[in-house]
> 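I'd like to ask you about the structure that follows.
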Amino acid sequence: MTDALPHGLPGPLPKGERLLWQGRPMLLSLARRAFHVDLVAVYFGGLALYQAVSAGRTAAAWPVLLAGALALAILFLLAWGARRTTVYTLTDRRLMLRIGIALQMDINLPLKEIESAAFRRLSDGSGDLPLRLKPGVRLAYLHLWPHARPWRLSRPEPMLRCVPDAEAVAKRIAAALAEANGQPVQALPPAAETASVLPGRLAAAGH
């Protein structure tokens, strides 16, 4: 893989570095969980119902419903743009995030700088994979969003968001982290709570 240029990378991989996996978020999952289209739909639906009841006529709800439809269209467009411009790449040496709708950014995370990882399975089969970086490795939360674990502002955690077939991807990351840190690979724990984990092991992540 020294001459080929995999999609989503700024340049060819160095000699000896192996490409293990590439992927991007699922559109509907990203729209629901990062851009909160469900909450926006409920809000405008409730507002339209209130408008119709208070005015005593159904037609009074139409302006609110049209505004809601426009808001949802904008959010879906943003989600589509975020998905289209995102590529997550795992090699045997690093994890890379190509992100950014208006301004493309390439974030390079050597595996030895990742302290631990976590795994959260979502109901649609996708999953979130937040990465806890070692002390001293800092990234800006706003630069990462929406590819950041929610509410981790003081110590932002990059996150592979709404990844399809997430459990298989989690196992690949666990194996790559273990190999990079000279540790045995441990199985994914069945617990549903957030736990402190070591390289080569992924725990369930709570938001």
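Just so we're clear, the structure is a prediction, and the values are computed from it rather than from any experiment.
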> Other than Val53, which residues form its hydrophobic cluster under the rule that side-chain heavy atoms must be closer than 4.5 Å?
Leu49
> Can you tell which of Pro164, Cys162, Ser123 makes a side chain to side chain contact (heavy atoms under 4.5 Å, CB included) with Ser29?
Cys162
> Sorted by first residue and then second, give each salt bridge (charged side-chain N to carboxylate O under 4.0 Å, His left out) pair with at least one member in residues 28-49; sequence neighbours left out.
Arg32-Asp38, Arg33-Asp124
> Going by salt bridge (Lys or Arg N to Asp or Glu O under 4.0 Å), name the residues that satisfy it together with Arg94, two or more places apart in sequence or in a different chain.
Glu17
> Less than 4.5 Å apart, any side-chain heavy atom of Lys171 and any of Ile173?
no
> How long is the gap from CD1 on Ile114 to CG on Leu111, to the nearest 0.5 Å?
5.0 Å
> Which pair of non-hydrogen atoms, one from Leu30 and one from Ala79, has the smallest distance, and what is that distance?
CD2-O, 3.7 Å
> Test of understanding: clusters of I, L, V, M, F, W, Y form through side-chain heavy atoms closer than 4.5 Å, transitively. Do Leu65 and Leu75 belong to the same one?
no
> Could you go through the side chain to side chain contact (heavy atoms under 4.5 Å, CB included) check for Leu139 and Leu109 one step at a time?
CA-CA 10 Å; Leu139 294 171; Leu109 300 172; 4.0 Å; yes
> Between the main-chain N or O of Gln51 and the side-chain N or O of Ser54, is there a donor-acceptor pair closer than 3.5 Å?
yes
> Looking at residues at least two apart in the chain, or sitting in another chain, which of them share a salt bridge (Lys or Arg N to Asp or Glu O under 4.0 Å) with Arg155?
Glu115
> May I ask you to decide if Arg84's main-chain N or O and Arg24's side chain share a donor-acceptor pair within less than 3.5 Å?
yes
> Taking all heavy atoms of Trp21 and all of Arg172, pick out the closest pair and write down the distance.
CB-CD, 3.9 Å
> For Arg98, what residues pass the salt bridge (Lys or Arg N to Asp or Glu O under 4.0 Å) criterion, not counting sequence neighbours?
Asp106
> Heavy-atom distance under 4.5 Å between the side chains of Arg121 and Asp128, does that happen here?
no
> With side chains defined as the heavy atoms from C-beta onward, is the minimum distance between Leu95 and Asn108 less than 4.5 Å?
no
> Excluding sequence neighbours, so at least two apart, what forms side-chain hydrogen bond (donor to acceptor under 3.5 Å, both in side chains) with Asp165?
none
> Is Ile107 linked to Val169 within one hydrophobic cluster, defined over Ile, Leu, Val, Met, Phe, Trp and Tyr using a side-chain heavy-atom separation of less than 4.5 Å?
yes
> Drop me the distance from Ile74's CD1 to Phe35's CZ, to the nearest 0.5 angstrom.
12.5 Å
> With sequence neighbours excluded, what pairs up with Tyr141 under the ring-ring contact (aromatic ring centres under 6.0 Å, His included) test?
none
> List the steps and the verdict of side chain to side chain contact (heavy atoms under 4.5 Å, CB included) for Ile99 and His143.
CA-CA 9 Å; Ile99 59 176; His143 289 169; over 6 Å; no
> For residues Leu177 and Leu133: do they belong to one hydrophobic cluster (side chain heavy atoms under 4.5 Å, members Ile, Leu, Val, Met, Phe, Trp, Tyr)?
yes
> Hey, any chance Leu160 and Val87 share a hydrophobic cluster, counting ILVMFWY side chains that come within less than 4.5 Å of each other, even indirectly?
no
> Using the ring-ring contact (aromatic ring centres under 6.0 Å, His included) rule, collect all pairs that involve residues 47-104, keeping only residues at least two apart or in two chains.
Tyr88-His147
> Can you list everything that forms a side-chain hydrogen bond (donor to acceptor under 3.5 Å, both in side chains) with Ser154? Sequence neighbours excluded, please.
none
> Can you tell me how far the CG atom of Leu129 sits from the CD atom of Glu167, to the nearest 0.5 Å?
10.5 Å
> List the atom of Ala166, the atom of Phe119, and the distance in Å for their closest heavy-atom pair.
CB-CE1, 3.6 Å
> Which residues satisfy the salt bridge (Lys or Arg N to Asp or Glu O under 4.0 Å) test with Asp92, sequence neighbours excluded?
Arg18
> Quick check: does any side chain N or O of Glu113 sit under 3.5 Å from a backbone N or O of Val137, one acting as donor and the other as acceptor?
no
> Rounded to the nearest 0.5 Å, how far apart are OG1 of Thr89 and CG of Leu97?
8.5 Å
> Please find the pair of heavy atoms, one from Val40 and one from Ala71, that lie closest to each other, and give the distance.
CG1-CB, 4.3 Å
> Report yes or no: do Leu27 and Leu122 belong to one cluster of Ile/Leu/Val/Met/Phe/Trp/Tyr joined by side chain heavy-atom distances under 4.5 Å?
no
> Return the set of residues passing side-chain hydrogen bond (donor to acceptor under 3.5 Å, both in side chains) with Arg83 (not counting sequence neighbours), or none when no residue passes.
none
> Donor-acceptor pair, Thr86 side chain versus Ala82 backbone, under 3.5 Å?
yes
> State, to 0.1 Å, how close Val64 and Ala48 come at their nearest heavy-atom pair, and which atoms those are.
CG1-N, 3.6 Å
> With a 4.5 Å heavy-atom cut-off, do Pro130 and Arg161 have their side chains touching?
no
> Go through the structure and list residues passing side-chain hydrogen bond (donor to acceptor under 3.5 Å, both in side chains) with Glu157, not counting sequence neighbours.
Arg132, Arg149
> Measure across Pro14 and Arg93 and return the closest heavy-atom pair with its distance rounded to 0.1 Å.
CB-NH1, 4.3 Å
> Just so I know, are the side chains of Val163 and Pro25 near enough to count as touching, which here means a heavy-atom distance under 4.5 Å?
no
